[in-house]
Amino acid sequence: MPLWIPVTILAAFMQNLRFLLQRHLKVTSLSTAGATWARFLYSAPMVLVIVLAVSSATGQALPATNLRFWAFILSGGLAQIVATMCVVALFARRNFAVGITLKKTEVILTALVGLVVLGEAVSLPVVVAIGFGFAGVVLLSDPPKGDVALPWRARLFNVASGYGLLSGLLFSVSAVGYRGASLALPDGSVFLRASFTLSAATMVQALALGAWLFWREREEIGRVLSSWRVSGLVGLTSMLGSLGWFTAFTLQSAAYVKAVGQVELLFTFLFSIFWLKERSSAKELGGAALIVLSLLLIIWGAF
C-alpha cells in the first residue's frame with residue numbers, strides 16, 4: 001500500500017478530533033475567530049520544533065524558499081483560515097455530522113482547483129462522482145424539520161449550506177496551495193519539505209488571525225490563552241493531522257489525498273452518535289451516503 005494512504009487516514013482521524021474540540025470551544029467559551037485562532041496559535045511552535053529537530057537529526061539544511069513557495073503559502077493559509085471559521089460557525093446551525101459532511105464538498109472542488117492551478121488532471125469516474133456528490137449536498141443542505149414551510153430556494157440556499165459549500169471551496173484552495181508550496185521547494189526529504197511548508201503556513205496564519213483579533217476582538221485573545229487546556233489539545237491534534245495532510249500532499253495529487261481523506265465521514269458519524277449523542281435524519285443519512293458514494297468513485301479513479 002502506498003505510504004500516502006495510511007498517512008491520509010491518520011490525518012483524517014486527527015482532523016475530525018480537532019474539529020470536535022473546536023466545536024467544544026465554540027459552544028462553551030470562544031467566538032468563531034477565537035476557536036479558529038487557537039488551532040494555529042498552539043500548533044505553530046510545535047511544528048517549528050519538529051522542523052528544527054528533523055533538520056538537526058538528519059543533517060539536512062532547511063529548504064530554500066522562493067516567490068512561488070510564498071505565493072502558494074499565503075493563498076493556501078488565508079483560505080484555510082476563512083474555511084475553518086466557516087466550519088466552526090456552521091456548528092451553531094447544524095449538527096456535527098451534517099456540518100462536517102457539508103464541508104466535504106472540498107474533495108469535488110479540489111479536483112477542479114488542482115486541474116486549473118497545477119494542471120493535475122483527474123479520471124472519468126471523478127466526473128460521475130461530482131453528480132452523486134451534488135445530489136448528496138442538496139439533501140444535506142435542507143434545513144431541519146421546523147423550516148419545512150420555507151420556499152424551496154430558502155431550503156436549498158441557506159446560511160448553513162452556504163457556510164459548508166464555502167468552506168469546501170476554500171479548503172480545496174488551501175489543499176492545492178499547500179501541495180504547490182511543497183513542490184516549489186527544491187531540496188529536502190519528503191517529510192522535511194512537508195513539515196517546513198506546514199510550519200511556514202501555521203506561522204503566517206497565527207500572525208494574520210492574531211492581528212485581526214487584536215483589531216476586532218481583542219478580549220478574545222485572553223480567552224484563548226486562558227482556555228489553554230482544551231486549546232492546547234486543539235493545537236496538538238491540528239499539528240498531527242496537518243503533518244499527515246502535508247506529507248500526503250507532497251507524495252500525491254491533492255484531489256486523490258482528499259478523496260481518501262473522506263474516511264473522516266465515518267469517524268464523524270461515530271463521534272456524533274456515540275460521543276455527542278446527536279441523531280441524524282434519514283434524509284441526512286441519505287445525503288451523506290451519496291457523498292460517500294461519490295468519494296468511493298474518486299478513490300476508484302485514483303487507481
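Throughout, residue positions are numbered sequentially from 1 according to the sequence presented.
With rounding to the nearest 0.5 Å, the separation of OG in Ser56 from CG in Leu62 is 10.5 Å. Separation of atoms CD1 (Ile50) and OG (Ser55) is listed at 13.5 Å; rounding is to 0.5 Å. For the atom pair CH2 of Trp37 and CG of Leu209, the computed distance is 8.0 Å after rounding to the nearest 0.5 Å. Met14 contributes atom CE, which lies 6.5 Å from atom CG of Leu17 (distance to the nearest 0.5 angstrom). For the atom pair Phe249 CZ and Ser174 OG, the distance stands at 7.0 Å (nearest 0.5 Å). With rounding to the nearest 0.5 Å, the separation of CG in Leu185 from CZ in Arg68 is 11.0 Å.
Across Val47 and Ser195, no two heavy atoms sit closer than the pair CG1-O, 3.6 Å. For the pair Leu213 and Ala33, the tightest heavy-atom approach, listed with the atom from each and the gap, is CD2-CB, 3.7 Å. Across all non-hydrogen atoms, the minimal contact from Ser75 to Val173 is O-CG1, 4.3 Å. Closest approach of Leu166 to Cys86, counting heavy atoms only: CD2-SG, 3.7 Å. Between Val234 and Gln22 the shortest heavy-atom distance is CG1-CG, 3.8 Å. Nearest approach of Asn66 to Ala184, heavy atoms of both residues: ND2-O, 3.0 Å.
Looking at heavy atoms from C-beta onward, Phe69 lies in side-chain contact with Thr197 at the 4.5 angstrom threshold. Taking the side chain as every heavy atom from C-beta outward, Gln80 and Met85 never approach each other to under 4.5 Å. Contact check for Arg223 versus Ser29: no side-chain heavy atoms found under the 4.5 Å cut-off. Considering only heavy atoms from C-beta on, Glu219 stays 4.5 Å or farther from Ser31 through its side chain. Considering only heavy atoms from C-beta on, Leu25 comes within 4.5 Å of Ser227 through its side chain.
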Decide yes or no on side-chain contact (heavy atoms from CB on, under 4.5 Å) for Leu251 and Val7, but give the supporting numbers first.
CA-CA 10 Å; Leu251 293 168; Val7 167; 5.9 Å; no
Stepwise, does the side chain to side chain donor-acceptor pair (under 3.5 Å) test hold for Thr250 with Ser182?
CA-CA 6 Å; Thr250 305; Ser182 185; 2.7 Å; yes
Between Thr247 and Trp4, is a side chain to side chain donor-acceptor pair (under 3.5 Å) present by the stated rule, with each step listed?
CA-CA 7 Å; Thr247 301; Trp4 67 271; over 6 Å; no
Determine, step by step, whether Trp212 and Glu217 satisfy the side-chain contact (heavy atoms from CB on, under 4.5 Å) criterion, reporting the C-alpha distance in whole Å, the side-chain angles of both residues, the deciding distance to 0.1 Å, and the verdict.
CA-CA 8 Å; Trp212 191 91; Glu217 300 181 45; 3.2 Å; yes
Would Leu236 and Tyr42 count as a side-chain contact (heavy atoms from CB on, under 4.5 Å) here? Give the steps.
CA-CA 7 Å; Leu236 177 62; Tyr42 286 94; over 6 Å; no
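Of the possible polar contacts, none joining the Gln60 side chain to the Gly188 backbone as a donor-acceptor pair under 3.5 Å is found. The closest donor-acceptor contact from the side chain of Arg179 to the backbone of Gln252 lies under 3.5 Å. When atom types are taken as modelled, the side chain of Ser231 and the backbone of Trp228 share no donor-acceptor pair closer than 3.5 angstrom.
Cluster annotation: Val224 is connected to Trp215 through the hydrophobic network of ILVMFWY side chains, with a link wherever side-chain heavy atoms come within less than 4.5 Å. When hydrophobic clusters are built by joining Ile, Leu, Val, Met, Phe, Trp and Tyr residues whose side-chain heavy atoms come closer than 4.5 Å, directly or via intermediates, Leu192 is not grouped with Val49. Clustering ILVMFWY residues whenever any of their side-chain heavy atoms sit less than 4.5 angstrom apart, transitively, puts Val190 in the very cluster that holds Leu3. Leu207 and Leu198 end up in different hydrophobic clusters when Ile, Leu, Val, Met, Phe, Trp and Tyr side chains are linked at under 4.5 Å. Hydrophobic cluster membership is shared by Met239 and Phe191, with clusters built from Ile, Leu, Val, Met, Phe, Trp and Tyr side chains linked at under 4.5 angstrom.
Each of Ile81, Val82, Leu78 was evaluated against Leu170; a single residue qualifies, Val82, per the side chain to side chain contact (heavy atoms under 4.5 Å, CB included) test.
A distance of 6.0 Å or more separates the ring centres of Tyr178 and Phe72.
For the residue pair Gln15 and Trp245, a side-chain donor N or O sits within less than 3.5 Å of a side-chain acceptor on the partner.
Within the cation-pi definition used here (under 6.0 Å to the ring centroid, within 45° of the axis), Arg218 qualifies as a partner of Phe214.
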